[in-house]
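So the structure is just underneath, and the comments pick up after that.
Remember, predicted model here, so these are calculated numbers, not experimental data. Below, read A as the first sequence line, B as the second, and so on, with proteins coming before strands; counting in each chain starts at 1.
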2 protein chains.
Amino acid sequence: MPKLVDHEKKKKHIAEATWRVIVEQGMERVTVRNIAKEAGISLGSLRHYFSTQEELLSYSMNLVKDKVTARIMKIATQQLPLKEKALKMLLELVPTDKESMAEAEVWFTFIAYTRHKEQFDANQDGVFLGIQQLMQYLQQYNLLKTDIDLELETERLYAVIDGLALHAMLNPKRVNRDLAEKILVHHLEQICQV
Amino acid sequence: MPKLVDHEKKKKHIAEATWRVIVEQGMERVTVRNIAKEAGISLGSLRHYFSTQEELLSYSMNLVKDKVTARIMKIATQQLPLKEKALKMLLELVPTDKESMAEAEVWFTFIAYTRHKEQFDANQDGVFLGIQQLMQYLQQYNLLKTDIDLELETERLYAVIDGLALHAMLNPKRVNRDLAEKILVHHLEQICQV
DNA sequence: GTTTTATTAATACAACTGTATTATAAAATT
DNA sequence: AATTTTATAATACAGTTGTATTAATAAAAC
């Protein structure tokens, strides 16, 4: 019987090579040949795991989403004061180290790329739904100020998060972890009860 | 002597065709042939105005920047109460009609594209500098609350603006002009004196 | 009307693209 | 050790890319 290779492992290896190409060279250098080279395999070998480019891109993007989701969920299941937990979860969405910055870069690049491809179900609203849920949760536990407009504050927080994420990615020197944390702590203080 | 064509006008016409290709088809369809077709001219004709693709892209991007800057400056020179003026200027940065949404799309696309090309001087910090100046201005005229951290609030406002801009672009139905205005009014109320 | 030059169109070229096909190498079962 | 199944590699192909070259066309000044 055949030489047996861990399929899922190899696919992840190729997806990671795809990320590296995106981060280091940009989306227009994302070619099957470039990715195969970055992954250290031949073109035919890559095609053995992904028969079309669309399939490869879709897989690579979903893997980023899964990684981020896993990190958030890990925090969500921790035993922590709710406000502290909320802060940690939100901070996880602002890229402040090499790994999460690469993820953010891949994420934004894909968003821009898939906007004009209806074959991808962009699924760009995961973060919004998460923040919406978080805000509802905070309100249910009476942690929010009573006079706030929940829908408005959800959108505002969502804007702060994605804006910070974008700026941390584009200008990591100016928008570092310290600043992001200070801003989020301050913002949460403004919408939460004392 | 020769046939005389308004060079700058024609270049703008081509740049606008470039924008349309970006907005409707995405960056990976931005080819000299596609753009020439969209502009209704021949490939050779396009090359007569832009001898390289890089030149064309650089020009098209700068034109977007100029358009947005002009709109903001027009508001800046209006005779208006300062807080009202600030709101109008900030709202101008959140795309809520077809034209400004196209501009935002072009802008974000270019940012993603030029990140990996050092031959473009990305010049992405224009908005940040503008908001920084606006905040300093508000403080000088004693319109800001006295106990705020100026640097922090500048970064937060900048994040809200770019986050809103991104969301308005990606989900114009949910993040429309009404919502953007409500959020900005509310945000300014929180950092301004009563 | 001729001349001069800007502008346009057409074609060519090498490099690169995604995908397809074919052949070789390797490993597990018999 | 022989066989069978899978993994990898090599090569091919049609289409597209940016750029270059060439010839044709347009318009304005004399």
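- Not one side-chain nitrogen or oxygen of A/Lys10 sits closer than 4.0 Å to the OP1 or OP2 atom of D/dA7.
- Taking atom CD1 on B/Ile41 and atom C1' on D/dA26, their separation rounds to 16 Å, with Å as the unit.
- Taking only side-chain nitrogens and oxygens, A/Ser42 comes nearer than 4.0 Å to OP1 or OP2 of D/dA9.
- Map B/Gly44 and B/Gln53 each onto its nearest nucleotide of DNA chain D; the residue landing nearer the 5' end is B/Gln53.
- OP1 and OP2 of D/dT8 both lie 4.0 Å or more from every side-chain N or O belonging to A/His48.
- Inspection of the A/Thr69 and A/Asp66 side chains reveals no N or O donor paired with an N or O acceptor under 3.5 Å.
- Across all non-hydrogen atoms, the minimal contact from A/Phe108 to A/Asp162 is CZ-O, 4.4 Å.
- A/Leu46 places its CG atom 15 Å from the P atom of D/dA10, with the value rounded to the nearest Å.
- B/Ser45 has no side-chain polar atom (N or O) that falls below the 4.0 Å cut-off from OP1 or OP2 of C/dT7.
- A donor and an acceptor atom, one from each side chain of A/Arg47 and A/Gln53, are nowhere located under 3.5 Å apart.
- Residue A/Leu56 contributes atom CG, which lies 15 Å from atom C1' of C/dT17 at whole-angstrom precision.
- Across the protein-nucleic acid pair, A/Lys37 atom NZ and C/dT17 atom C1' stand 15 Å apart, rounded to whole Å.
- In terms of phosphate contacts, A/Arg33 brings no side-chain nitrogen or oxygen within less than 4.0 Å of OP1 or OP2 of C/dC16.
- Remark: the A/Glu55 side chain and the A/Ser51 side chain contain an N/O donor-acceptor pair separated by less than 3.5 Å.
- In this structure, CZ of A/Arg29 is placed 13 Å from C1' of C/dT17, rounded to the nearest angstrom.
- At D/dG18, none of the side-chain N or O atoms of B/Arg47 fall inside 4.0 Å of OP1 or OP2 (strictly under the cut-off).
- Between B/Glu105 and A/His116, the side chains place a donor N or O and an acceptor N or O closer than 3.5 Å (distance only, hydrogens not considered).
- Applying the 4.0 Å criterion to OP1 and OP2 of D/dT6, one finds that A/His7 has every side-chain N and O outside that range.
- Across the protein-nucleic acid pair, A/Glu28 atom CD and C/dG18 atom C1' stand 17 Å apart, rounded to whole Å.
- In this structure, CZ of A/Phe50 is placed 15 Å from C1' of D/dA7, rounded to the nearest angstrom.
- Taking side-chain N and O atoms only, B/Tyr49 has no distance below 4.0 Å to OP1 or OP2 of C/dA6.
- Regarding B/Met27, its CE atom lies at a distance of 13 Å from the P atom of D/dT17, rounded to whole Å.
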